[in-house]
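Proteins get letters first, then strands, A, B, ... in listed order; numbering begins at 1 in each.
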Protein chains: 2
Amino acid sequence: MSPKVSKEHLKQRRADILAAAKTVFIKHGYERTTMKHVMEEAKVSRGGLYQYFSNKEELYEAILKENLLQVSEETQEFLENEVKSYWDLLLLRIFGEDREPDDEMDPLAPSNLEFFIIGRNDERRRKYGQERYQNGLKIYADVIKAGQENGEFSDRYDSEMLARAIITYIDGLALDHAILPEQDVQLKEQSTILLEFLKMALEVE
Amino acid sequence: MSPKVSKEHLKQRRADILAAAKTVFIKHGYERTTMKHVMEEAKVSRGGLYQYFSNKEELYEAILKENLLQVSEETQEFLENEVKSYWDLLLLRIFGEDREPDDEMDPLAPSNLEFFIIGRNDERRRKYGQERYQNGLKIYADVIKAGQENGEFSDRYDSEMLARAIITYIDGLALDHAILPEQDVQLKEQSTILLEFLKMALEVE
DNA sequence: TTGCAAAACGACATTAGTGTCGATATAATT
DNA sequence: AATTATATCGACACTAATGTCGTTTTGCAA
């Protein structure tokens with residue numbers, strides 16, 4: 001319902017397609033979903049879909065970008081006001097608003113893994129993944145470093161190295177979560193182990 | 001060159017195809033390699049290849065099985081004679097013969113990730129992955145448990161939980177290794193962190 | 001040597017997905 | 001109401017891969 005439409009409508013349509021795409025990506029994973037799946041979920045014709053996104057990769061990157069933005073906005077809110085210490089801040093960054101381990105995992109995480117693993121031999125995709133990694137790395141490393149300079153944390157370990165280890169462990173959790181049943185991953189318990197390790201490494205509490 | 005051949009020859013041919021397949025899987029990854037790639041690398045015709053393996057999945061599982069066998073044979077040798085303590089045994093299991101972190105990684109690891117991640121919605125593939133996980137889990141958990149019962153290790157942590165954490169971390173390393181450049185993963189340094197954590201958790205040295 | 005069982009071959013039909021493009025329908029403008 | 005720009009449509013051509021099958025080749029045994 002809509003030719004020669006307002007910018008508003010175009011934007012809405014795009015958002016609808018994106019939402020539909022996200023649904024099917026979560027359901028089938030990146031590699032197995034086809035443009036046809038998206039067409040059907042979004043109730044758009046082939047031509048219609050291609051007007052907005054010229055291929056699957058573009059579609060997925062739009063979702064990634066949107067998610068990144070949303071998450072960074074969400075945590076931004078908590079940043080200035082509700083942070084008591086660097087330890088608290090670190091917990092916020094790792095576990096989110098609750099500051100403690102839970103059994104939740106981003107439903108898009110398995111698709112993300114596919115996206116970057118399979119694209120690892122593609123120059124563009126690799127660069128993109130690396131950029132995201134650097135971002136994540138900086139977020140953790142900055143907090144740790146600040147805490148160390150502040151004296152709140154021990155500087156026994158290099159801040160950047162610790163940040164890498166955190167990411168590695170979280171990546172491992174995402175991976176195992178993607179391929180194993182709940183009772184094998186035990187997200188919450190395993191996250192608690194990460195917590196214990198960090199307490200030891202930073203000498204807090 | 002060989003119809004109505006000896007069993008020996010058949011076995012050799014099969015092994016050659018597997019070796020060729022392994023080469024191309026390492027090069028292109030699981031998803032991107034096609035039967036044609038394998039045909040060319042192994043210098044076998046389409047029909048010839050399908051005589052031995054009726055699809056890519058079967059081919060890959062054969063490689064997985066072979067590798068598993070080979071690794072378990074290798075470590076088996078060290079088991080009875082050259083192990084000084086459970087800590088030593090644990091290091092052997094994690095880092096291999098050298099007992100210490102290095103920058104090596106199974107070249108097939110990225111393909112393995114693809115294989116199990118993309119197949120996560122396939123019943124058969126999922127079961128298979130889970131079985132392999134249970135195997136790996138048992139290997140670590142048994143050593144830790146024995147060490148704990150022996151008094152060599154602290155039993156502060158549950159042996160199985162620790163084993164899970166080890167696997168998670170190693171999986172994370174494999175993942176990051178697959179998609180990031182060497183200088184971002186820093187396999188050796190990150191493995192050292194795992195080592196430090198284990199020393200703390202098991203209270204050794 | 002010769003004959004044969006079956007290994008190896010490669011053309012082919014089939015399937016599944018992609019991106020394009022001319023036709024169609026309609027929201028906004030006049 | 002008529003016009004028009006363009007969003008949307010869906011048929012289509014194209015590509016890439018798969019697995020099959022009739023044919024050819026050849027190692028081995030008689």
Review item, side-chain donor-acceptor pairs of residues 65-72 of chain B, under 3.5 Å, at least two apart:
from    : atom 1 : to      : atom 2 : distance (Å)
B:Asn67 : OD1    : B:Lys22 : NZ     : 3.3
B:Gln70 : NE2    : B:Glu74 : OE2    : 3.3
B:Ser72 : OG     : B:Leu69 : O      : 3.1

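Put simply, CZ on A:Phe53 is 12 Å from P on D:dT8, counting in whole angstrom units. Nucleotide D:dA11 holds its P atom 16 Å from the OH atom of A:Tyr50, rounded to whole Å. Put simply, NZ on B:Lys7 is 14 Å from P on D:dC28, counting in whole angstrom units. As a whole-Å value, the separation of B:Arg14 CZ from C:dA7 C1' is 16 Å. Here the C1' atom of nucleotide D:dA16 and the NE2 atom of B:His37 are 11 Å apart, to the nearest Å. Atom pair B:Leu49:CG and D:dT18:P shows a separation of 10 Å (rounding to whole Å applied). Here C:dT18 presents its C1' atom at 12 Å from NZ of A:Lys36, a figure rounded to the nearest Å. At whole-Å resolution of the value, CD in A:Glu8 and C1' in C:dA28 are 16 Å apart.
Here the side chain of A:Val44 is nearest to one of C:dC9, D:dC9, D:dA17, namely D:dC9. Looking at the side chain of B:Thr34, the nearest of the listed nucleotides D:dA7, C:dA8, D:dA17 is D:dA17. Set against C:dG19, C:dA7, D:dT18, the side chain of A:Arg46 has C:dG19 as its closest nucleotide.
The aromatic rings of B:Tyr128 and B:Phe116 lie tilted to each other, with the angle between the two planes from 30° to 60°. Ring-plane geometry between A:His28 and A:His37 is classed as parallel, the angle between the planes falling under 30 degrees on a 0 to 90 degree scale with a further cut at 60.
Between D:dT8 and A:Gln51, no contact under 4.0 Å exists linking OP1 or OP2 to a side-chain N or O.
A salt bridge links A:Arg126 with A:Glu123: the closest approach of a Lys/Arg side-chain nitrogen to an acidic carboxylate oxygen falls below 4.0 angstrom.
Residue-to-nucleotide proximity on DNA chain C shows that, of B:Lys43 and A:Met35, the 5′-proximal contact is made by B:Lys43.
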